[in-house]
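Everything on this sheet refers to the single structure shown next.
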Amino acid sequence: MKRISLRNGNGIPFISLFPTSYSCFSPIIVRVYSSKSISVLSKFRANSNFECLDDALILFKKMVTMKPLPSLVDFSKLLKTIIIMKHYSAVVSLFREMQKLGIPINGVILNSVINSYSLMHHADCGFSVLPIYLKNGISFDVVTFTALIRGFFAENKVKDAVELFKKLVQEKICEPDEVMYATVMNGLSKRGQTEKTLSLLRLMEQGNTKPDIINYSIIIDAPCKDRNLDGAISLLNEMKQKGIPPDIVTYSSLIDGLCKLGQWEKVRILFSEMVSLDIYPNVRIFTILTDGLCKEGKVEDAEEVMRQMVRKGVEPNIIIYTAIMDGYCLRGELDGARRVFDFMIDKKIEPDIICYSVLINGYCKVKQLAEAMQLFHEISQKGSKPDIFTYSILLQGLFEAGKIDSAKKFFAEMLSTGLVPDLYTLCTLLKGYFKYGLVEEAMSFFNKLEREIEYTSIEFYNVVINGLCKNGELDKARVIFEKLSLIGMLPNVRTYTIMINGFSLEGFLDEAKDMLRKMEDNGCMPNNVTYNVFVRGYLRCSKINEMATYMKEMVRKGFSCDADTTELLVNVIRENPSVLDMIPEFRSEYKK
DNA sequence: CTAGGGTTAG
């Protein structure tokens with residue numbers, strides 16, 4: 001009621017004494033509305049929020065019958081609300097309805113339609129909206145293009161997305177703003193393209209649009225996901241220096257990264273830094289903490305975090321309960337997990353498919369297959385549907401329990417439901433075959449997959465190479481390993497470790513040594529597992545001098561013996577105590 | 001300078 005506007009959108013001066021959203025109607029015209037319609041609309045204007053889609057559709061029906069029609073602002077707000085409710089196809093239907101009824105449209109409405117298509121993973125449909133702009137003399141703007149780019153990313157068409165972005169910039173079709181940069185950055189960062197994401201930030205710095213807090217949050221999330229927390233923290237400092245204050249999202253990414261590295265002290269420091277900046281922890285960040293703790297088996301600490309959170313008035317959600325369940329499962333404490341599960345149900349929180357899958361995984365790991373299967377059947381009874389993760393978990397469980405025929409049947413059952421197995425599921429199956437020495441079956445399956453699947457991964461090849469090595473088929477493994485570079489597949493630390501293990505199992509320690517050198521030459525650094533595998537090879541052949549050399553190197557690099565290596569080493573020392581003098585690094589551990 | 005597009009958890 002305060003602001004006096006001197007002109008409306010068409011440049012015709014008028015004085016508005018009404019709050020903004022009413023400004024285009026005079027009070028007399030407003031009375032033409034039926035009182036019921038206007039009350040629903042006012043309620044929506046005050047609080048753009050619906051319980052369900054039907055309520056939104058009811059309002060839409062009322063709006064289109066009002067005379068005069070409510071403003072396009074009301075229509076676009078309604079569409080946005082429906083998008084937030086994730087009923088994208090409803091947005092498209094309502095838009096068609098508006099066109100049929102001859103209701104005017106504008107760029108904002110059309111942009112929402114494209115965005116809906118993009119969120120439905122139908123980039124092509126989004127493009128098919130473009131002629132409607134032209135027909136109505138509406139020009140594309142940065143929002144239009146951002147929605148289209150988002151559509152490409154949603155369909156995993158990264159190249160198309162980046163090309164469109166580049167074209168817009170190079171041909172000066174539209175000047176990208178923070179949101180467009182954020183969309184491209186996020187698309188790249190989520191696909192592990194950290195370097196490219198960072199170079200976009202540097203590109204932005206040179207242009208007119210300066211990176212904002214969301215750009216930085218996206219940028220910081222990338223190295224966090226790569227476990228490069230030093231890189232992430234230097235970007236945090238960079239944004240602080242530029243006077244952009246980090247928010248809860250930025251801290252969430254950082255704390256998640258630190259949790260996953262088990263750097264609890266740094267988690268504590270960052271958490272208190274956040275609180276000291278008056279950023280209050282929300283349910284999401286508590287979830288990150290709980291999950292991080294549980295993944296390390298620190299369930300008691302996680303439960304303490306949860307109690308503190310409840311004390312602060314934040315209600316636990318299904319993700320937190322699932323994390324805690326997973327923590328109990330990880331420790332093999334299935335009774336504990338089942339407490340949590342039942343407690344959740346008591347709290348009237350319906351377990352979803354992930355929750356079920358976690359518990360099923362727990363039962364599989366302690367080989368209680370009957371219990372796992374019963375839960376699996378309970379899913380369908382409760383009206384939910386098992387997904388590929390659920391199937392993969394049970395498939396793995398059946399194989400690990402040696403129930404090969406059941407596993408095969410179960411896989412067939414999965415296919416019959418129309419679910420398409422992902423690479424992980426297929427790897428599980430392959431691993432299962434190899435584990436039980438079904439090398440021929442595994443290899444014919446592998447050959448078939450290699451022919452039929454468009455995109456495989458290095459992990460897929462790791463399974464086969466490992467399977468062959470463990471089944472005494474080192475030569476065949478070697479052939480596939482040599483083939484990798486030809487098909488453009490880059491071996492990773494696991495691939496090399498598998499080969500090193502393959503060689504040392506056959507006693508080919510020189511070849512193993514060559515492989516270790518080769519991986520380092522290729523810029524792939526050996527990790528804890530690599531060194532353990534390597535040292536075990538020498539131990540098994542009783543080549544104590546070499547073993548001691550590499551043991552020293554391993555310790556110097558901050559790695560340590562795992563359970564298998566320790567056991568082997570203890571046996572060797574028992575037979576020949578003088579070995580201990582050669583590796584003083586191991587002495588304190590040996591005493592234990 | 002009102003309405004539309006971007007960030008964190010199982």
Side-chain angles (χ1 to χ4, degrees), chain A residues 3 5-9 16 18-24 45 48 70-81 83-84 91 105-116 118-119 126 140-151 153 176-187 189-190 197 209 211-222 224-225 246-257 259-260 281-292 294-295 316-327 351-359 361 389:
Chain A
R3 196 167 59 87
S5 165
L6 292 179
R7 48 177 58 229
N8 69 5
S16 168
F18 289 87
T20 341
S21 52
Y22 294 85
S23 60
C24 49
R45 281 170 174 160
S48 315
S71 70
L72 286 181
V73 175
D74 288 317
F75 278 105
S76 38
K77 268 190 172 175
L78 179 61
L79 295 187
K80 153 122 178 164
T81 309
I83 290 176
I84 290 172
V91 172
I105 49 165
N106 62 10
V108 176
I109 305 257
L110 288 176
N111 288 342
S112 298
V113 175
I114 295 189
N115 196 35
S116 300
S118 292
L119 292 164
F140 311 139
D141 62 13
V142 63
V143 182
T144 319
F145 292 118
T146 302
L148 290 171
I149 290 174
R150 189 176 204 209
F153 276 124
D177 62 3
E178 298 89 333
V179 181
M180 186 180 273
Y181 272 111
T183 307
V184 181
M185 283 172 167
N186 193 39
S189 139
K190 288 289 172 297
T197 314
T209 37
D212 66 8
I213 179 162
I214 298 187
N215 296 121
Y216 265 103
S217 290
I218 295 168
I219 286 287
I220 286 176
D221 189 55
C224 287
K225 292 278 188 300
D247 66 2
I248 185 102
V249 178
T250 328
Y251 279 105
S252 294
S253 293
L254 288 160
I255 288 176
D256 187 43
C259 282
K260 293 207 160 102
N282 59 12
V283 64
R284 238 173 144 111
I285 207 157
F286 281 121
T287 310
I288 289 167
L289 286 170
T290 318
D291 186 59
C294 286
K295 287 266 174 347
N317 62 14
I318 189 163
I319 303 181
I320 293 217
Y321 285 121
T322 307
I324 294 195
M325 259 179 44
D326 202 17
D352 61 11
I353 186 62
I354 300 181
C355 193
Y356 269 112
S357 300
V358 163
L359 192 54
N361 187 43
F389 294 100

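Excluded from the calculations below are hydrogen atoms, water molecules and symmetry mates; all remaining heavy atoms, backbone and side chain alike, are included. Labels below follow one simple rule: chain letters A, B, ... track the order of the sequence lines, proteins then strands, and each chain is numbered from 1. Quick caveat, the model's predicted, so the values are computed rather than measured.
Using modelled atom types and a 3.5 Å distance limit, the side chains of A:T146 and A:T183 yield no donor-acceptor pair. Side-chain contact annotation: A:N115 with A:S112, donor-acceptor N/O pair under 3.5 Å absent. Counting only N and O atoms by type, the side chains of A:S253 and A:D256 include no donor and acceptor under 3.5 Å apart.
Regarding contacts with the backbone of B:dG6, every side-chain N or O of A:N186 stays at 4.0 angstrom or more from both OP1 and OP2. OP1 and OP2 of B:dA9 both lie 4.0 Å or more from every side-chain N or O belonging to A:K260. Note on A:K190: every side-chain N or O is 4.0 Å or more away from OP1 and OP2 of B:dG6. Look at A:K295 and you won't find any side-chain N or O under 4.0 angstrom from OP1 or OP2 of B:dA9.
Separating the CZ atom of A:F140 from the C1' atom of B:dG5 is a distance of 16 Å, rounded to the nearest angstrom. To the nearest angstrom, C1' of B:dG10 lies 13 Å from CG of A:N361. The CD1-P distance, from A:I318 to B:dA9, rounds to 17 Å in whole Å.
The distance from the CG atom of A:N317 to the CZ atom of A:R284 is 9.5 Å, given to the nearest 0.5 Å.
Judged by distance alone, with hydrogens and angles left aside, A:D177 brings a side-chain donor or acceptor within reach of the base of B:dG5, the pair sitting under 3.5 Å. A:T322 contributes a side-chain N or O that forms a donor-acceptor pair with the base of B:dG10 under 3.5 Å. Side-chain atoms of A:S217 and base atoms of B:dT7 include a donor and an acceptor less than 3.5 Å apart.
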